[in-house]
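Data first, discussion second: the structure below is written as structure tokens.
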Amino acid sequence: MKTAILHLSDFHITDPKFCERTVESLLQVNGQDANDAFFTGLIAKIKTFSPKVEYIVISGDITNSAEVTEFQVAEKLITRLLTELKISPNNCLLIPGDHEVHRPTLEYERRLPENIGKETSQMNEVKFRNFSKFYKAIKQKEFDCNALIYDEFTIGNVVFLAANSNYNVGHRSAFGFFPVEELRKSLADTENRLQNHHKVIVFHHNLAASYDDKQSGQWDSINRRDVIPLFESYNLKLLLFGNEHTPTSRALDNTGIYFSEPGALSGKNPSGSFKIYELQSDPSRIVFKNHFFDNRQKNSHQEPTTGTFVKIDVAELKGTELAEFEIYKKENHKLVEPLSLPENEPTIEATSIEIAEVPPVPVVYTNSAIQDRLYQIVREKKLFHSGHFHWSESSRAHNWIDVARLLEDNRDLFFVQKSIVDVIDQFELDKDCDLIIGLGAEGNVISTKAAIYFGKPYTSLPYSYRYDDSHSFERKLNFDNGSGVYKTVMIICDVVNDGRTLRKLVGSHEKEFFDNVEKIIVVSLFYTGLAEEISNNILNYNKLPKDHDGSDDFQVDRIEFYFIKALRIEKCPYGSEYRKECFIFRDELSCVHLFYDEEQAAAINISD
Amino acid sequence: MIISRIDIDEGVYYNLHAEEVVTSNFLADDNSGVYVDRLQIRTINRVFDDIKSHEKKNIILDFSKIVACQPNLRDRLIQLKKDGYLMLFINLLESLCEELQLSIMDNPLNKKEDALYQKFYLFEDQGHACLDGEFLPSRIFESEFKRRIKGYIAHHVQPHTSSFIYLSTFVDMKKFISYENSFLIFSLYTLAIKVTSIWKSELTGDPILICQSLNSSYLASVLSTLLKLDILILDQVGPVNKLYNRIEKNISSKRKYIIVSDMVCLGTEVKIVKNIVHFMGGKCLGNIAIIKTETLKKSDIKRKDATVAVFSIKRENNKELNFGIKTDLESLE
């Protein structure tokens with residue numbers, strides 16, 4: 001059998017009236033002529049493909065804000081697509097992305113008396129109200145907003161399943177998630193109904209990322225540990241998703257499961273793209289050949305304006321794309337003689353088995369778009385300095401990130417503030433948080449949006465090495481924790497190295513307050529330390545390396561750490577004798593930068 | 001977070017534009033600063049939820065700087081009216097009134113000048129004298145600020161000799177920022193609006209906000225969002241008066257600088273920052289603060305007062321606020 005499946009994703013049709021950011025999509029509500037021209041080019045290109053495209057999957061974020069006006073345009077464009085390509089709506093899978101959740105309505109309705117206390121997963125009718133109307137207009141049937149797997153089509157003995165990964169998406173953004181038991185049940189039902197069918201599943205959130213060192217994509221990392229084994233046990237072979245706007249395909253982790261992302265259809269930068277999977281099936285083998293199309297003129301670096309798609313040979317795509325996905329191959333099995341068990345085997349005494357403690361899965365922020373943007377700013381503005389930088393007698397390094405300079409541009413500042421909110425949002429760190437503290441001037445500056453957004457009590461404190469440079473009233477926390485009211489406190493700062501400054505704050509400067517704090521959440525822009533394995537507890541004293549210099553440090557072991565970007569800096573290799581051993585410092589060569597007053601610090605040490 | 005709610009004797013006041021600025025910039029990612037002019041449904045919901053959360057039924061909605069609004073506002077207003085709320089709108093554009101189809105309601109006490117309703121009553125019955133006074137937003141704000149700041153004026157335990165004068169009390173702005181955070185944001189909004197008015201043409205040159213202390217860094221951060229201006233963090237001016245970080249400090253002769261302070265008393269720290277800016281080739285536009293102290297009569301000031309603040313401690317109120325400045329010299333009077 002030969003046929004072809006069209007994979008489109010992330011149209012982000014935008015109504016600028018409701019757009020909260022710069023419009024990144026070529027498809028806009030008020031751009032009918034441009035939209036029509038775009039789809040004319042798109043359809044023309046698809047029609048040139050052989051074999052004929054007879055199926056289509058659209059993996060979410062069709063609209064930008066789930067507004068009615070956006071869905072009206074989407075309905076018109078997709079109807080045109082199906083009509084001109086002569087594809088039945090039954091052979092089309094429409095997947096909702098997180099942008100299909102109408103947040104203003106959800107924000108409002110969740111406060112109604114009848115909805116107080118409901119989780120977002122219990123308000124699917126509200127979430128998908130606008131999407132449901134659009135879905136019915138295209139598919140001529142209702143969208144089951146509460147079903148995890150809600151639609152399918154079959155091609156011979158291959159079934160394509162449509163799944164909704166927006167379980168946790170609500171008025172705030174969230175990672176992809178499948179409730180495990182419901183997924184198990186749905187896959188079991190499918191297997192019972194469609195025995196001997198090979199399964200392909202389509203959803204929105206990316207289960208992996210485009211960069212080799214980030215594995216969990218935009219998926220809840222704990223849920224991912226359960227979902228992937230389930231896919232394996234039910235023999236799913238191919239995952240199709242979108243969300244990341246980066247076309248790619250490869251095998252998932254160390255499994256035999258392939259995944260493919262087509263990129264954003266109508267993106268400006270990077271340029272839009274889509275894929276066609278050519279199905280080649282015979283009794284011994286089923287394979288999808290991967291064909292990639294990009295919206296650009298060859299050798300042009302300009303942003304495309306219409307759907308001028310060109311086919312790109314995947315061989316040219318330098319390891320980011322696979323040429324094909326083999327989802328079935330008939331194996332040649334040899335019969336094996338059953339083993340005969342020896343008689344009268346001596347019994348084996350049971351021995352106790354020690355089960356190694358499984359370390360907790362680190363909950364690490366992996367929004368590559370934000371991390372890469374942050375790193376790009378550091379590079380473009382040349383903020384990563386080399387030299388000898390001293391913050392105290394014991395805190396010395398040979399690199400420094402000039403965060404104050406990073407924050408100067410108000411657009412970069414807004415981006416950084418939003419990033420901090422994103423970290424807190426994604427891990428729901430605000431849920432039990434009783435107080436937010438902005439640390440240092442930079443921490444204060446980057447915390448303002450979070451403090452207002454989450455509506456938490458807020459204060460600020462100087463860095464430990466700045467305590468004596470500040471007015472006495474600046475050093476006051478102004479919140480009394482004698483009765484233990486503030487059990488969970490969040491500290492927001494710009495840079496964390498080994499956490500010494502934080503432990504000094506908790507164990508010394510504000511000991512009285514923090515003695516009654518059960519959990520300290522630290523959210524930082526950068527982590528500059530040397531930990532080989534990143535986890536949330538690396539700032540705790542009991543997790544420090546054995547050779548850690550414990551002088552002027554404090555035993556604090558209840559810090560939970562999150563950061564946006566790791567950017568390792570080189571610590572000063574000299575020990576306490578650096579004044580003699582480091583010739584650069586000793587001979588006052590010009591690249592030494594002191595961020596503290598040596599005389600004042602010495603006087604304080606003497607008085608202590 | 002509702003920032004502009006002020007309880008007055010006659011009822012409860014809300015500034016819808018201030019609330020929209022919070023929604024757009026801090027709850028959503030619109031990032032348009034104080035330049036938004038359209039009321040979104042999210043803002044309407046927030047304000048109306050707050051209205052229903054308290055018992056007072058007299059509501060004053062300030063429509064200053066609101067040019068348009070998303071649908072549903074009319075329905076919400078009518079529902080509130082049905083629920084027994086008496087509403088007075090101030091600074092409502094006639095065009096908006098017509099868009100909301102409210103002009104069918106005709107109260108003879110409505111006061112219109114040019115195309116602006118200074119007062120528009122959302123009821124026709126004239127018998128509600130409680131909402132009949134003058135409601136000037138600036139006076140409402142100033143009165144509320146004075147009421148709140150009193151709680152943060154504390155005595156110095158030991159003689160405080162800032163700038164070679166005695167200050168018997170000080171304003172604990174850090175505590176104010178923490179405990180009055182919502183109202184502080186409204187104060188910053190008010191300050192931002194004032195800046196856009198006073199320095200309208202100068203703002204086109206994108207001046208830079210300078211902060212030099214922990215408090216002013218918080219204020220500058222919020223003002224950066226509101227005014228869409230860049231910031232510069234000086235590390236550190238304050239008790240040490242020592243700049244630690246001089247690496248490529250970006251003070252340009254082509255840009256102007258606005259010094260951000262929490263409170264300006266005699267202006268010593270402001271002068272230090274000004275000198276640093278001038279020394280490094282920049283030019284100061286002026287100084288903005290939440291509070292300033294007016295130690296001189298306006299008529300005696302020869303040069304233009306370059307400090308813009310939302311609240312002044314002055315002769316008319318310093319006794320009430322228990323804020324005073326002394327020296328050890330004998331009085332000549």
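Excluded from the calculations below are hydrogen atoms, water molecules and symmetry mates; all remaining heavy atoms, backbone and side chain alike, are included. Convention: sequence-line order gives letters A, B, ...; per-chain numbering from 1.
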**Request:** Would you please name every residue forming a salt bridge (charged side-chain N to carboxylate O under 4.0 Å, His left out) with A:E109, sequence neighbours left out?
**Result:**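 Listed in chain order: A:R129.
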Counting only non-hydrogen atoms closer than 4.5 Å, does [X] touch chain A with its backbone (N, CA, C, O), its side chain (CB onward), both, or neither?
{"X": "B:L27", "result": "both"}
{"X": "B:L227", "result": "neither"}
{"X": "B:N215", "result": "both"}
{"X": "B:N25", "result": "backbone"}

**Message:** Ring of A:F389, cation from A:R396 - is the NZ or CZ under 6.0 Å from the centre and inside 45° of the axis?
**Reply:** no
**Prompt:** Yes or no on salt bridge (Lys or Arg N to Asp or Glu O under 4.0 Å) for A:D98 and A:K127, after CA distance, side-chain angles and deciding distance?
**Reply:** CA-CA 10 Å; A:D98 53 296; A:K127 276 161 67 168; over 6 Å; no
**Asked** Taking every heavy-atom pair that is under 4.5 Å apart, which of B:S217, B:S216, B:S182 has the most such pairs with chain A?
**Response** B:S217
**Request:** Just jot down the ring-ring contact (aromatic ring centres under 6.0 Å, His included) partners of A:Y458, sequence neighbours excluded, or say none.
**Result:**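 Expected list: B:Y218.
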**Item:** B:D262/B:K174 under salt bridge (Lys or Arg N to Asp or Glu O under 4.0 Å): CA gap, chis, key distance, verdict
**Value:** CA-CA 9 Å; B:D262 50 357; B:K174 186 172 177 207; over 6 Å; no
**Item:** Between A:S460, A:G455, A:G438, the one whose heavy-atom pairs under 4.5 Å with chain B are most numerous
**Value:**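 Top option by heavy-atom pairs under 4.5 Å: A:S460.
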**Prompt:** So does B:K228 have more than 12 non-hydrogen atoms from other groups sitting under 6.0 Å from NZ?
**Reply:**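 Result for NZ/B:K228: enclosed.
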**Prompt:** Relative to chain B, which segment of A:I452 carries a heavy atom at a distance below 4.5 Å: side chain, backbone, both, or neither?
**Reply:** both
